Asker: 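Just dropping this structure here.
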2 protein chains.
Amino acid sequence: MSAKPYFERHLEIKVKELEPDHADDCTLKRKPRDFPRVSGARPTVSSLARLAGVASSTVSRALKGDERISPAVRRRIAALAAEAGYTPNALARGLVGGRSGLVGLVLGPVSNPIYAEMMQEAVTEAERRGLRLMLLHAGPGPIEDSTAAALLQYRMDGCLITSAGLSSRAAAICAANDVPVVMLNRVPKLHAVAVSCDNRAGGEALALHLLETGHRRPAIIMGNADTSTSLERAEAFATALVEAGLEPPRRFPGGASHAAGFAAGQAIAGLPARERPDAIFGCADILAMGAMDALREAGLRVPEDISVVGFDGIAAAAAAPYRMTTLSVPLSAMIARGFGLLAERMSGIPLPDEVVLLRGTLQRRGTVRDTQPPG
Amino acid sequence: MSAKPYFERHLEIKVKELEPDHADDCTLKRKPRDFPRVSGARPTVSSLARLAGVASSTVSRALKGDERISPAVRRRIAALAAEAGYTPNALARGLVGGRSGLVGLVLGPVSNPIYAEMMQEAVTEAERRGLRLMLLHAGPGPIEDSTAAALLQYRMDGCLITSAGLSSRAAAICAANDVPVVMLNRVPKLHAVAVSCDNRAGGEALALHLLETGHRRPAIIMGNADTSTSLERAEAFATALVEAGLEPPRRFPGGASHAAGFAAGQAIAGLPARERPDAIFGCADILAMGAMDALREAGLRVPEDISVVGFDGIAAAAAAPYRMTTLSVPLSAMIARGFGLLAERMSGIPLPDEVVLLRGTLQRRGTVRDTQPPG
DNA sequence: TTGAAAGCGATACCAA
DNA sequence: TTGGTATCGCTTTCAA
């Protein structure tokens, strides 16, 4: 539902070439006002060295503020570099230093907005740490081999994997080549480094919340079958209910999109009234949103007729028309921690694998009916 | 509404270290089964040359299928490389060749899902062309200087800019340094290369559709004031209405998020009935979606009481609970064309600026009431 | 058809 | 405190 075959159609193309004189303005008389550029080649360490009448090693050291270079020379070279518009060549630097400053990012399908939110957080955090993000994958399905190969080709310092489970290829390549990997929002089956929300605690918290508010027949809409995330959430949720003396909750197949949640919601709405659950737990907000839409379309009111809770805390679920009660995962903190773990491992010192679990927060909003006020 | 200050809170961290023996399993006995790796250093052209008993230049040539190397040698070296698990070092290659194979990507705020969809398309297309995407920015606000500098540091071959108008900094840096830029979904005010939807044609098509279906008082919810996209769409829409003899449509301030559309929708719903528009054009789907939600919450039915149309064709707008009539932009085709333009310019041959306009498609769905069937 | 050698740009080591 | 120089891995003349 996300990647449309637009490609073949819509090829009615209008090309508007700009007037030649303006084009010239752009290609020839380019004004180096804001970003000066030496005519011809870009300035390099050795060209600066020649200008300054020193050795290139001195320039290199001066530019990174080496204490051993006299302040006077340092200042002079810095000024020269600024004037010439010098930019270090990260390729050369990476070649000799062995570290590229590049971090790979593997994202899941954008049909679940949480990946976009994670991406935005990752960009911010990477910026803060002076790292660059290489977008290796985004979408359903597994990562292409050629793309995964880029991990090695560009000598990436590490890799962040957020996708549910389909990126084992990238993980394997990293493992085989000592490229540090951190899994985000996903507890790996194999040994690895991961930062995740405490899905069990979250699932339990949601179950307790539903119990406290008087629900007796919750159902679950499952995420993708192969994701630990979904499984853990559902498992903990179910366990808490059973421990409270309820029947094991019914499970409906879901996925990772609004459409999947919608289908599950339709199935639930179509149930005879006496079989109908009194609450739905969507293992991801996007699923719960889809379910809500299906329920409403079927004439059921949320939360009057049926309560709905989600898990993720995406922005869209917080707003109208959902205002969904959910367990929000601390995205920023997770990303920050993930970069932290990565940075530690990028230094080369072998560190043991670890799994960091951050606790989410129950967001009480408007989709849970309180039939049984406490006290 | 998108980037929450989660960072400071939620720091209750549980660290679960794996058992030492397992950790060892991962750090020491790493199995090079799937992705073989030479013990110690990775194989290089010269290490392969030594193994094969030829010169490194021969290896280099053989590996890229140079006709001048005898087929026998070529095969032998290829086999050797495969066996050793050789991976070319893109950093070194970029250093000598002057081309990095890297393309920068600048995205807008993820509060508008269209950026995520564009990102996913871009990943696919980059893969197809053997280019790597460096994520330079994603979010509202302008790009960081340090990030923009990466364009030069990593000697990127080009840059794709999708963000509305805030990335002029990146554009300026590119312009000053002969890095080709292509603007996506945005017609630049300055001379540049761009691929966009024909926003005027689209706005007009939507206006005509509303006219044909008997609407007489449409209103517009504007996008960000500084985006050509929104302006063009609104302008063409308004012009078509006026040419049909209607009053100029009322304009409501909007933005680039559901929340902005929602606020505009509330303002419209709060209007006295006789002042209320009979249709709303949201300059972006996400705005129209927000407006729909506000209208429905205010008890107005869409399309019975008021029609709504959008522009973009994002996946979320096509599904329940919106099923919105909209003008969809051919995203895949735009991205493909954008990469094409970039590729042409990456060769170094100076080409004139051009603007490519692709026509969108009116998607008639369920949010326009047909009061006046044709004929 | 293949080899030797000169860089690409930056860093780091060893001298001075 | 600074200068040479080797080196990172690969490509590309220029010779053979």
Side-chain angles (χ1 to χ4, degrees), chain A residues 38 40-77 81 84-102 149-150 152-157 177 348, chain B residues 37-38 40-77 80-81 84-102 149-150 152-157 177 348:
Chain A
V38 173
R42 293 201 239 259
T44 71
V45 168
S46 36
S47 84
L48 287 180
R50 225 172 304 124
L51 276 178
V54 298
S56 53
S57 47
T58 305
V59 172
S60 175
R61 285 190 274 247
L63 252 26
K64 59 176 45 167
D66 193 311
E67 294 290 329
R68 301 174 303 182
I69 303 295
S70 70
V73 177
R74 246 188 288 164
R75 261 196 305 279
R76 191 161 58 89
I77 294 182
Y86 168 75
T87 313
N89 186 328
L91 268 30
R93 193 177 269 178
L95 179 58
V96 55
R99 300 187 40 177
S100 61
L102 260 23
L152 271 27
Q153 298 181 329
Y154 285 89
R155 297 298 186 264
M156 298 198 200
D157 296 336
N177 290 274
Chain B
R37 196 185 38 127
V38 174
R42 292 200 241 259
T44 70
V45 167
S46 36
S47 84
L48 287 179
R50 227 173 303 125
L51 275 177
V54 298
S56 54
S57 48
T58 305
V59 172
S60 174
R61 286 191 272 248
L63 253 25
K64 58 176 46 168
D66 194 310
E67 294 290 329
R68 300 174 303 180
I69 304 295
S70 71
V73 176
R74 246 188 290 166
R75 262 195 304 278
R76 190 159 60 88
I77 293 182
L80 222 59
Y86 168 75
T87 313
N89 186 327
L91 267 30
R93 192 176 271 179
L95 180 57
V96 53
R99 300 187 38 176
S100 62
L102 260 23
L152 269 30
Q153 297 181 327
Y154 285 89
R155 296 298 187 267
M156 299 198 199
D157 296 337
N177 289 275

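Chain identifiers are assigned alphabetically (A, B, ...) following the order of the sequence lines, protein sequences preceding nucleic acid strands; residue numbering begins at 1 within each chain. Fair warning: this is a prediction, and the values are worked out from it, not measured in the lab.
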Asker: Taking the side chain as every heavy atom from C-beta outward, state whether V45(B) and Y86(B) have any pair of such atoms under 4.5 Å apart.
Answerer: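 Answer yes - side chains close enough.
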Asker: To the nearest 0.5 Å, what is the distance between CG on L80(B) and CG on L51(B)?
Answerer: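 Here the rounded value is 5.0 Å.
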Asker: Looking at S56(A) and A49(A), would you say the former's side chain and the latter's main chain have a donor-acceptor pair under 3.5 Å?
Answerer: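 Not confirmed, S56(A) side chain does not pair with A49(A) backbone.
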Asker: For A52(B), does its backbone N or O pair with a side-chain atom of R76(B) as donor and acceptor, under 3.5 Å?
Answerer: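 Judged by distance alone, yes, a pair lies under 3.5 Å.
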Asker: Between which nucleotides of DNA chain D, 5' to 3', does chain B make heavy-atom contacts below 4.0 Å?
Answerer: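 Boundary nucleotides touching chain B, in 5' to 3' order, are dG9(D) to dT13(D).
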Asker: Using the heavy-atom set of chain A and a strict 4.0 Å cut-off, write down the first and last nucleotide of DNA chain C that makes it in, 5' to 3'.
Answerer: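 Range of nucleotides touched by chain A: dG9(C) to dC13(C).
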Asker: Tell me what S57(A) touches on the nucleic acid: a base, only sugar-phosphate, or nothing, going by heavy atoms under 4.0 Å.
Answerer: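 Contact class for S57(A): base.
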Asker: Could you tell me the separation between the OG1 atom of T58(B) and the CZ atom of R68(B), rounded to the nearest 0.5 Å?
Answerer: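 Separation between the atoms: 9.5 Å.
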Asker: Select from R68(A) and R61(B) the residue whose nearest nucleotide in DNA chain C is closer to the 5' end of that strand.
Answerer: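 The residue closer to the strand's 5' end, by nearest nucleotide, is R61(B).
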Asker: Using heavy-atom distances to pick each residue's nearest nucleotide on DNA chain C, tell me which of S56(A) and G97(B) is more 5'.
Answerer: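 Result of the comparison: G97(B).
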Asker: To the nearest 0.5 Å, how far apart are CG in L63(B) and CD1 in I77(B)?
Answerer: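 Separation between the atoms: 7.0 Å.
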Asker: Which is true for V59(A) with a 4.0 Å heavy-atom rule: it touches a base, it touches only sugar-phosphate, or it touches nothing?
Answerer: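 Here V59(A) touches no strand at all.
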Asker: On a heavy-atom basis, which atom in R93(A) and which in P88(A) lie closest, and how many Å separate them?
Answerer: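 Where R93(A) meets P88(A) most closely, the heavy atoms are NH2-CB, 3.3 Å.
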Asker: Go ahead and write out DNA chain D as dot-bracket, 5' to 3': ( ) for pairs within the strand, [ ] for ones crossing earlier pairs, | when the partner sits on another strand, dots for unpaired; Watson-Crick or G-U wobble, both distances under 3.5 Å.
Answerer: ||||||||||||||||
Asker: Looking at every strand, decide which applies to S70(B) at a 4.0 Å heavy-atom threshold: base, sugar-phosphate, or nothing.
Answerer: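 The residue S70(B) makes sugar-phosphate contact but no base contact.
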Asker: Heavy atoms, side chains only, cut-off 4.5 Å: are T44(B) and N89(B) in contact?
Answerer: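 In short, these two side chains do not touch, never coming nearer than 4.5 Å.
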Asker: Quick check: closest heavy atoms across L91(B) and R155(A), and the distance to 0.1 Å?
Answerer: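 So the minimum-distance heavy-atom pair works out to CD2-CB, 4.1 Å.
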Asker: Compare every heavy atom of L48(B) with every heavy atom of A81(B), then report the nearest pair and how far apart it is.
Answerer: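 Scanning both residues completely, I find the closest heavy atoms to be CB-CD1, 3.9 Å.
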Asker: May I ask you to decide if D66(B)'s main-chain N or O and R61(B)'s side chain share a donor-acceptor pair within less than 3.5 Å?
Answerer: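 No; judged by distance alone, with no hydrogens or angles, the pair does not exist.
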